[in-house]
Every structure is written in structure tokens, then in C-alpha cells.
Amino acid sequence: RIWAMTEHYLFDIDGTLTNPRQKMSRQFTKRFLEWMDDKSVFLVAGSNLEKVSEQVPPEVIAKCEGVFCSMGNQFWSGKNLVYENEWAPDPLLIEALTAFQMYTKFPIPLKEQFGRGEIIERRPGMLNFTTIGRNADTRERERYYEWDTKNGERKNIVSQLEKSFPELDFRIGGQISIDIQPKGHNKSQASEWIRKNLGGRMIFTGDSCHKGGNDYDICLDIKKHKDGEFHQVDSPEETLNVLGI
């Protein structure tokens with residue numbers, strides 16, 4: 001592999017290469033694999049490696065130069081763990097998140113309130129939080145996303161937490177969750193690592209490049225250093241259009 005390439009392509013996964021929490025489609029996989037030939041490609045995910053592997057086919061991962069997981073707090077090159085950040089969250093943060101879940105105004109049928117799995121998922125160097133539970137199915141995730149777009153629950157939670165925990169970053173990600181990590185330990189760690197170790201130009205594509213979204217920081221970093229570009233997309237189909245395939 002040639003890592004001294006002049007251009008590096010970086011991709012978010014959920015909503016960018018796949019539909020939220022879904023596997024990459026066969027048609028997308030075929031076209032993307034062909035496009036990847038002779039290119040330096042990195043994945044930059046909010047999820048951990050296990051979830052990345054559930055969504056992205058092994059042949060695509062194998063063709064990547066590396067995978068930045070958990071908001072860039074863990075980096076894999078092949079089967080080698082290049083680095084991993086550790087973080088022990090304040091118990092007061094856990095209490096606050098639990099309270100937000102208890103008092104959510106999102107309508108959840110009483111019989112389902114205890115079958116939706118954990119609300120807090122610990123990943124390397126970060127937490128992922130959702131008021132409706134990690135096991136919510138696709139239909140329920142979409143229902144919550146539509147409700148949250150109108151009611152702004154996640155924005156309100158982030159606003160309150162930023163005041164109480166100024167040392168942390170809170171970023172809205174996917175359809176139902178909030179990514180939480182120490183300040184600076186966000187997806188910009190990926191662009192910083194590539195800049196320091198490989199150089200060259202970066203092209204990032206993601207679905208949450210707006211302020212407060214979990215792709216925002218890497219876009220801001222690339223813009224600040226003037227060493228690349230970024231593209232906001234809303235679906236895998238739009239990603240293919242951006243790539244011209």
C-alpha cells in the first residue's frame with residue numbers, strides 16, 4: 001500500500017455510506033469497491049469497530065487504509081490497533097443522562113419502555129446516549145427523528161449539558177443519539193492524524209457537517225488548515241453523486 005498519496009478520502013458511515021444502522025446495500029458496495037481502486041480511503045465512524053463491521057462489508061473494510069472508530073478515539077489499520085483513548089466519565093454525567101431519559105416527552109408505549117436496551121453505550125474514549133434505548137427498531141428510530149426535528153429534544157439536552165460539563169463535547173449523531181467525549185476528542189482526530197502522519201489533501205463526506213453535528217469538527221479542522229474539502233450529504237445515493245459514480 002502507498003500511504004504517501006496526495007489525496008485521502010474520508011467517509012462517515014451512518015447516513016453517508018449506509019442508511020442509518022443498516023448494512024451497506026449490494027448495489028452501493030459494488031459501485032463503491034470499483035471506485036476505491038487506487039485510492040486512499042478511510043472510514044471515520046461514531047460507532048465502535050463491532051458496529052462498523054455489522055454495516056460495512058469486510059471487502060470494503062479490507063480495501064480501506066484504516067478505520068477511525070468511536071469519534072476518532074480509536075484507530076485501526078488492518079488488524080492493528082494504532083491508538084486508543086481512554087476516558088472515565090463523571091458519575092454526575094451518568095446521573096444527568098439518566099434523568100433526561102426518565103423525563104423525555106417522546107411518547108413511548110408503557111409496555112415497550114423496558115425493552116429498548118441501554119440508553120448509554122460506553123465506547124473507547126466516549127459515550128453514546130439516547131433517550132429511547134439502543135434497541136429501538138428502524139421504524140421507531142425514524143419516528144423519534146421526526147419528533148426530535150420538531151421538538152428539539154437533543155438540542156435542548158446538549159444545551160443544558162454544555163453548561164454543566166464545559167470540559168466535554170456533545171454532538172448530535174444519527175437519528176436518535178448524542179455523542180459525548182472530552183473536548184477535542186472528536187472526529188477531527190482523524191484529520192489531525194492523517195495530516196501529521198501522511199500529509200496530502202483530504203476530502204471528507206458526511207451527513208452531519210452542520211454545527212452541533214458529529215461531523216462538524218472534522219469539517220472545521222479541514223477548513224481551518226486549508227488542506228482539503230468536505231461534502232454534506234443526506235443519503236448514500238447522494239454520496240455516489242458527489243463521487244460521480
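Residue numbers count from 1 along this sequence. Basis for what follows: all heavy atoms, side chains included, without hydrogens, waters or symmetry-related copies.
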Next on the checklist: side chain to side chain contact (heavy atoms under 4.5 Å, CB included), that's the test. Do Ile178 and Phe100 meet it? Break it down for me.
Outcome noted: CA-CA 12 Å; Ile178 298 170; Phe100 281 120; over 6 Å; no
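- The two residues Asn73 and Gly125 come nearest to each other via the heavy atoms ND2-O, 3.5 Å.
- A distance-only check finds a donor-acceptor pair linking the side chain of Gln232 to the backbone of Asp207 [under 3.5 Å].
- Phe68 places none of its side-chain heavy atoms less than 4.5 Å from the side chain of Leu10.
- Pairing each heavy atom of Val233 with each of Gly15, the nearest pair is CG2-O, 4.3 Å.
- In terms of heavy-atom proximity, Ser188 sits nearest to Asn186 at OG-OD1, 2.5 Å.
- Listed here is the closest heavy atom pair of Pro124 and Ser70: CD-OG, 3.3 Å.
- Atom OH of residue Tyr9 and atom CD1 of residue Ile203 lie 4.5 Å apart, to the nearest 0.5 angstrom.
- No single ILVMFWY cluster, assembled from side-chain heavy atoms under 4.5 Å apart, contains both Val158 and Met71.
- Interatomic distance, CG of Asn214 versus OG of Ser177, reported as 7.5 Å (0.5 Å rounding).
- Salt bridge status for Glu142 with Arg139: absent, with no side-chain N to carboxylate O gap under 4.0 Å.
- Looking at heavy atoms from C-beta onward, Leu97 lies in side-chain contact with Ile180 at the 4.5 angstrom threshold.
- When the side chains of ILVMFWY residues are joined at heavy-atom separations under 4.5 Å, either directly or via intervening members, Trp76 and Met24 end up in a single hydrophobic cluster.
- Counting only N and O atoms by type, the side chains of Gln175 and Asp14 include no donor and acceptor under 3.5 Å apart.
- For the atom pair CD1 of Ile245 and CE of Met36, the computed distance is 10.5 Å after rounding to the nearest 0.5 Å.
- Side-chain contact between Thr138 and Asn19 is absent, with no heavy-atom pair separated by less than 4.5 Å.
- Judged by distance alone, the side chain of His185 and the main-chain N or O of Gly72 form no donor-acceptor pair under 3.5 Å.
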Item to check | Stepwise side chain to side chain contact (heavy atoms under 4.5 Å, CB included) test for Thr18 and Phe28 | outcome: CA-CA 8 Å; Thr18 74; Phe28 188 100; over 6 Å; no
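- Within the model, atoms CG of Leu17 and OG1 of Thr239 stand 6.0 Å from one another, a figure rounded to the nearest 0.5 Å.
- With hydrogens and angles ignored, the 3.5 Å screen pairs no side-chain donor or acceptor of Arg141 with any backbone N or O of Ile176.
- The cluster map of Ile, Leu, Val, Met, Phe, Trp and Tyr, joined by side-chain heavy atoms under 4.5 Å apart, puts Ile119 and Phe165 in the same cluster.
- Atom OG1 of residue Thr131 and atom CD of residue Glu153 lie 4.0 Å apart, to the nearest 0.5 angstrom.
- Taking hydrophobic clusters as Ile, Leu, Val, Met, Phe, Trp and Tyr residues chained together by side-chain heavy-atom distances below 4.5 Å, Val60 shares a cluster with Leu240.
- At a threshold of 4.5 Å between non-hydrogen side-chain atoms, the residues Val44 and Gln189 do not count as touching.
- Between Glu7 and Lys39 there is no salt bridge, since no side-chain nitrogen of the basic residue lies less than 4.0 Å from a carboxylate oxygen of the acidic one.
- Not one N or O on the side chain of Glu121 forms a donor-acceptor pair closer than 3.5 Å with the backbone of Asn128.
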Next on the checklist: Does Asp179 form a side chain to side chain contact (heavy atoms under 4.5 Å, CB included) with Met126? I'd like the steps, not just the answer.
Outcome noted: CA-CA 7 Å; Asp179 293 316; Met126 66 169 288; 3.3 Å; yes
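- Summarising the local packing, CD of Glu34 is surrounded by more than 12 heavy atoms from other residues, nucleotides or ligands at distances under 6.0 Å.
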Checklist entry - Are Glu59 and Lys63 close enough, and set up right, to give a salt bridge (charged side-chain N to carboxylate O under 4.0 Å, His left out), and what steps lead you there? => result CA-CA 6 Å; Glu59 59 268 32; Lys63 218 169 182 178; over 6 Å; no
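- Taken from CZ in Phe170 to OG in Ser164, the straight-line distance is 8.0 Å, to the nearest 0.5 Å.
- The pair Lys150-Glu146 fails the salt-bridge criterion, with no side-chain N (NZ, NE, NH1 or NH2) lying under 4.0 Å from an Asp/Glu carboxylate O.
- The shortest distance between side-chain heavy atoms of Leu127 and Leu93 falls below 4.5 Å.
- Residues Val41 and Trp35 form a side-chain contact, since some pair of their non-hydrogen atoms from C-beta on lies under 4.5 Å apart.
- The stretch residues 224-233 participates, sequence neighbours left out, in these salt bridge (charged side-chain N to carboxylate O under 4.0 Å, His left out) pairs: Arg195-Asp227, Arg201-Glu229.
- No side-chain heavy atom of Leu168 sits under 4.5 Å from any side-chain heavy atom of Leu161.
- A donor-acceptor contact shorter than 3.5 Å links the side chain of Asn151 to the backbone of Trp147.
- Pairs passing the ring pair (Phe, Tyr, Trp, His ring centres under 6.0 Å) check and including a residue from residues 197-238, sequence neighbours excluded, do not occur.
- Residues Asn48 and Val52 have side chains not in contact (no heavy-atom distance under 4.5 Å, counting atoms from C-beta outward).
- Within a 6.0 Å sphere centred on OH of Tyr83, other residues, nucleotides and ligands contribute more than 12 heavy atoms.
- In this structure, Glu140 contributes its side chain and Ala136 its backbone to no donor-acceptor pair below 3.5 Å.
- Heavy-atom minimum distance, Ile13 versus Ala45: CD1-CB, 3.7 Å.
- The pair Lys187-Asp221 fails the salt-bridge criterion, with no side-chain N (NZ, NE, NH1 or NH2) lying under 4.0 Å from an Asp/Glu carboxylate O.
- The main-chain N or O of Asn80 is never found under 3.5 Å from a side-chain atom of Ser77 such that the two would form a donor-acceptor pair.
- Hydrophobic cluster membership is shared by Phe75 and Met202, with clusters built from Ile, Leu, Val, Met, Phe, Trp and Tyr side chains linked at under 4.5 angstrom.
- Distance alone, capped at 3.5 Å, places no donor-acceptor pair between the Asn135 side chain and the Glu118 backbone.
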Checklist entry - Would Ser191 and His8 count as a side chain to side chain contact (heavy atoms under 4.5 Å, CB included) if you check the C-alpha gap in whole Å, the side-chain angles of each, and the deciding distance to 0.1 Å? => result CA-CA 10 Å; Ser191 51; His8 307 285; over 6 Å; no
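- Panel note: side chain Thr104, backbone Gln101; no donor-acceptor pair is recorded below 3.5 Å.
- Here the closest non-hydrogen pair linking Ile94 and Pro89 is CD1-CG, 4.3 Å.
- Side-chain atoms of Arg154 come within 3.5 Å of backbone N or O of Gly173 as a donor-acceptor pair.
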